[in-house]
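Presented below is the structure to which this report refers.
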Amino acid sequence: MTFKARKRLAIAVLVIGLPLYIVVAVNLVDLFETRPPILVELVIYIGLGVAWMLPLRKLFLGVARPDPDENDKAE
């Protein structure tokens, strides 16, 4: 995948995918019949907050760096 495509996909995941994931996470916690204690709920949200990043870790690595292919074109 090209650097530009990875950057665009990362932006799409952050702008579209993350809000959708937040809605799913809140609805998932809402499925409990009674609201869990606040500390348990906090641990669930922290776990879900980390869980979305793990499969997408490689996508976000190096996206903030300058385009490495641009140096090759300039020479």
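- No side-chain donor-acceptor contact under 3.5 Å links Asp30 to the backbone of Val26.
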Expected list for residues 39-63: side-chain donor-acceptor pairs under 3.5 angstrom, two or more places apart:
unit_1, atom_1, unit_2, atom_2, d
Glu41, OE1, Arg35, NE, 2.8
Glu41, OE1, Arg35, NH2, 3.3
Trp52, NE1, Gly49, O, 2.7

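- When all heavy atoms of Lys7 and Arg65 are compared, the pair lying nearest together is NZ-O, 4.4 Å.
- One hydrophobic cluster, built from ILVMFWY side chains closer than 4.5 Å, cannot hold both Val13 and Phe3; they sit in different ones.
- By the 4.5 Å side-chain criterion applied to Ile, Leu, Val, Met, Phe, Trp and Tyr, Leu20 is assigned to a cluster that also includes Ile11, Val15, Ile16.
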